Amino acid sequence: MQRVTEPELMEDPEQSEAYAAADFAEAHSRIVETFGQCFPGEEVTGPVLDLGCGPGDIGFRFAARYPGCSVTGVDGSRAMIRLANARRAREPLTADRVHFIEGLLPGTAIPAGPFAVIISNSLLHHLHEPRVLWETVLHHASPGTKIYVVDLFRPATQADAEKLVHRYASGEPEVLCRDFYNSLCAAFEPAEVEAQLAAAGLAGLSVDVISDRHLAVHGVLGG
Ligand SMILES: C[S@@+](CC[C@H](N)C(=O)[O-])C[C@H]1O[C@@H](n2cnc3c(N)ncnc32)[C@H](O)[C@@H]1O
C-alpha cells in the first residue's frame with residue numbers, strides 16, 4: 001500500500017497521556033536488550049541522544065541498564081516533554097542522568113556531542129521527510145558513535161495493518177488503536193529505509209527486520 005503520513009508531533013494531551021500510560025515495558029526493554037545484542041560486550045559510557053523520545057521510557061531504561069551513560073531526549077511535543085519531566089520525579093536512581101529538551105527536528109539546539117550512542121524508536125514514521133532523521137544522526141554523530149534506530153515497517157495492505165492492530169492492541173484505548181493503525185500506514189518499507197540511508201551517506205548501517213512489524217537500523221559510524 002502507499003504510505004499515508006500522519007501528523008509529526010503527538011501534541012494532543014489525550015493522545016500523549018494514553019501513550020505514556022500504555023504498557024510498553026516488554027517492547028521497550030526488548031529494545032534495550034537488542035541494542036546490547038547488536039553491540040555485544042561493549043559497555044556504554046558517555047552521552048546518549050534519544051531522538052523523538054516521547055515520554056522518555058526508553059531513556060530511563062537505557063540509563064538503568066548502562067550506569068555510565070547520560071541520556072538526552074529530544075521531542076517536539078510539549079505534552080510529551082512535560083510527561084517525560086514528570087517521570088523524572090519517579091525515577092530517583094536515573095533522573096540525574098536523564099534530561100529532556102523540547103525541540104522540533106530539524107534545527108533544534110542539541111548540546112554538542114560527541115554522542116557515544118544515538119537511539120530513536122518510532123520517530124522515523126512520523127517524519128514527513130525521513131531524511132530529517134538521518135541528517136540529524138549525521139550531524140550529531142562522530143566516528144565510533146553507535147546508531148540504533150527502531151521503527152515500524154509498513155505492511156503490504158490495509159487489511160494486514162488492521163490484523164496487526166487486532167493482534168497487538170485489542171483491548172487498548174481507542175486512541176492508541178487509531179494511532180497504531182495510522183503509524184503502520186505511515187511507516188516505511190525496509191527497502192525504502194535502505195534507500196534513505198544510501199541517499200544520506202549512511203549505507204554502512206544495516207537494516208534488519210526484527211519482528212512482524214518492526215525493523216532496526218544499526219551500526220557504528222565510520223571514521
Ligand atoms: C511514537 S512516539 C515515540 C516516542 C518514544 N521514542 C517511544 O518509543 O516511546 C514519536 C515521537 O516523535 C515525536 N516527533 C515526531 N516528529 C518530530 C519532530 N519533527 N521533531 C521532534 N519530535 C518529533 C512525537 O512528538 C512523538 O513524541
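A quick note: this is a predicted structure, and the numbers were derived from the prediction, not measured. Numbering of ligands and ligand atoms starts at 1, following listing order.
Under the 3.5 Å distance criterion, with hydrogens and angles disregarded, a donor-acceptor pair is assigned to the side chains of S183 and H125.
Checked against salt bridge (charged side-chain N to carboxylate O under 4.0 Å, His left out), D160 has the following partners two or more places apart in sequence or in another chain: K163. With sequence neighbours excluded, the residues that form a side chain to side chain contact (heavy atoms under 4.5 Å, CB included) with S29 are R61. Looking at residues two or more places apart in sequence or on another chain, you find a side chain to side chain contact (heavy atoms under 4.5 Å, CB included) between Q158 and M1, Y181.
Across I31, D50, I119, a single residue satisfies side-chain contact (heavy atoms from CB on, under 4.5 Å) together with F62, and that is I119.
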What does the contact table look like for ligand 1 (nitrogen or oxygen on each side, cut-off under 3.5 Å)?
from, atom 1, to, atom 2, distance (Å)
ligand 1, 6 (N), G52, O, 2.7
ligand 1, 6 (N), N121, O, 2.8
ligand 1, 8 (O), N121, ND2, 2.7
ligand 1, 9 (O), Y19, OH, 3.0
ligand 1, 16 (N), E8, O, 3.4
ligand 1, 19 (N), E8, OE1, 3.0
ligand 1, 19 (N), L105, O, 3.0
ligand 1, 20 (N), L105, N, 2.9
ligand 1, 22 (N), G76, N, 3.0
ligand 1, 25 (O), M10, N, 3.1
ligand 1, 25 (O), D75, OD1, 2.8
ligand 1, 27 (O), D75, OD1, 3.2
ligand 1, 27 (O), D75, OD2, 2.6

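Below 30°, between 30° and 60°, or above 60°: for Y148 and H218 the angle between ring planes is between 30° and 60°, a tilted geometry.
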